[in-house]
J.: 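Okay, handing you the structure first.
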Amino acid sequence: MKVKVVSRILEANERIALENRRLFDKAGVYVINLMSGPGAGKTSLLEKTLSLNTELKIGVIEGDIAGSDDAERIERLGAPVVQINTGGACHLDANMIYEVLHDLPLQDLDLLVIENVGNLVCPAEFKVGEDIKVMVLSIAEGHDKPLKYPLMFRESAALILNKIDLAPYLDVDMHKIKKDALSLNPNLKIFEISCKTGEGLPAWTEWLRTKARKS
Amino acid sequence: MHELSIAQNIIEIISEQCSKSGYAQIDSVNIRIGRASGVMPDALLFAFDAIKVDTMARDAALHIEEVPVTGLCRDCESSFIVEEEYILFCPHCKGNSFHITAGREMDILDMEVS
């Protein structure tokens with residue numbers, strides 16, 4: 001007996017993501033899903049952003065396979081933070097976010113950053129209820145990354161190219177990274193920064209402020 | 001990489017549908033996976049077979065139809081299919097003003113139950 005199913009495989013996740021989004025909108029908080037491969041500098045970027053920010057109330061959800069190092073780094077800067085341990089899963093999904101929402105003072109926040117598990121592939125596939133996705137690529141990862149991992153570049157609203165202070169020591173073609181990323185996603189906003197030297201960070205924090213204020 | 005959770009989702013959806021339809025066993029299921037979805041068919045088949053034991057789908061065969069990446073150019077209005085998992089420019093006019101019309105699918109189509 002043949003039975004029609006006609007269902008999106010990730011339908012359940014998308015339903016919960018919509019519910020998260022409804023709660024975020026109700027609280028008036030702008031939400032960013034921050035993604036990158038391991039070690040690109042997501043937590044460093046957040047630390048710098050929190051230190052430079054004087055206006056926005058920013059909360060953070062940290063997603064990692066194990067450990068709470070990242071949440072401790074954020075907590076030291078006085079921001080409300082929740083750590084999720086996925087226990088092996090390679091990405092955060094909408095339900096993991098839903099379950100920790102009551103641990104955050106959503107009503108008091110202007111911006112919530114969800115730092116995804118370090119992984120250049122899977123996080124791009126699972127909506128968590130965010131307004132936009134932002135990705136970090138450290139230039140030390142190489143200029144072949146946009147074409148090897150096209151989905152994340154295509155899904156992101158902004159690309160942060162981190163560790164540009166290392167450029168003199170690397171054989172990396174920054175122009176190729178930007179050209180390929182823009183070919184995959186012509187609307188991508190690109191920031192070239194160094195969390196170590198602070199270069200380029202003001203443009204990023206200003207953009208973030210404008211985005212969060214609009215919501 | 002997340003083929004295991006995709007396989008879990010598939011088994012949950014088809015088991016629910018199978019019970020609703022009043023049947024006890026799933027013999028086969030047809031799904032459609034876009035080439036730009038980030039899902040590897042071989043890894044998905046492996047994951048599905050590994051977790052179907054002890055479910056209504058324990059004897060089910062998973063059939064995957066792969067959907068190539070298709071684009072439509074806004075400049076020259078041609079539509080095209082590419083071999084890669086991504087499109088960088090329109091193969092006809094070389095412009096980069098296109099949108100992707102297919103290739104991101106992750107759908108369950110139908111199944112055989114008994």
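By convention in this document, chain letters (A, B, ...) are assigned in the order of the sequence lines, proteins followed by strands, and residues within each chain are numbered from 1.
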J.: Starting at OG of A/S7, measure out to CD1 of B/I31 and round the result to the nearest 0.5 Å.
T.: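 Between A/S7 OG and B/I31 CD1, I get 11.5 Å after rounding to 0.5 Å.
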J.: Do you know which two heavy atoms are closest between A/P150 and B/E85, and how far apart they sit?
T.: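 It is CG-O, 4.4 Å.
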J.: What part of A/F126 gets closer than 4.5 Å to chain B, counting heavy atoms only: side chain, backbone, both or neither?
T.: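 Only the side chain of A/F126 comes within 4.5 Å of chain B.
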J.: Tell me whether the count of non-hydrogen atoms from other residues, nucleotides or ligands lying under 6.0 Å of NZ in A/K127 goes above 12.
T.: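 No, NZ of A/K127 has 12 or fewer neighbouring heavy atoms, counting only those of other groups under 6.0 Å.
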J.: Taking side chain as everything from C-beta outward and backbone as N, CA, C, O, which of these in B/F89 sits under 4.5 Å from a heavy atom of chain A? Side chain, backbone, both or neither.
T.: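 B/F89 has no heavy atom closer than 4.5 Å to chain A.
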J.: State the CG-CD1 distance between A/L10 and B/I13, to the nearest 0.5 angstrom.
T.: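 Those atoms lie 8.0 Å apart.
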J.: For the CD1 atom of A/I9 and the CD atom of B/Q8, what is their distance to the nearest 0.5 Å?
T.: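 So the gap between those two atoms works out to 13.0 Å.
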J.: Under 4.5 Å, counting heavy-atom pairs only, tell me which of B/L88, B/I33, B/N9 racks up the most with chain A.
T.: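 Counting heavy-atom pairs under 4.5 Å, the top option is B/L88.
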J.: Quick check on the interface: out of A/D180, A/L147, A/L184, who has the most heavy-atom pairs with chain B under 4.5 Å?
T.: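 Ranked by heavy-atom pairs under 4.5 Å with chain B, first place is A/L147.
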J.: Chain A contacts: which residues in residues 18-30 of chain B have a non-hydrogen atom closer than 4.5 Å to it?
T.: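 Answer by number: B/S21, B/Y23.
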J.: Got a second to check how far B/E12's CD is from A/E11's CD, nearest 0.5 Å?
T.: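 So the CD of B/E12 and the CD of A/E11 are separated by 12.0 Å.
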J.: Closest approach of A/H91 and B/S5, non-hydrogen atoms and distance?
T.: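 In this case the closest contact between A/H91 and B/S5 is CE1-OG, 3.6 Å.
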J.: Which atom names give the shortest non-hydrogen contact between A/S183 and B/F98, and what distance separates them?
T.: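 Looking at all heavy atoms of both residues, the shortest contact is O-CZ, 4.0 Å.
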J.: With chain A as the partner chain, list the residues of residues 99-114 of chain B whose heavy atoms fall under 4.5 Å from it, by residue number, and write 'none' if nothing qualifies.
T.: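 Within residues 99-114 of chain B, the residues that come under 4.5 Å of chain A (heavy atoms only) are B/I100, B/R104, B/M106, B/D107, B/I108, B/L109, B/D110, B/M111, B/E112, B/V113.
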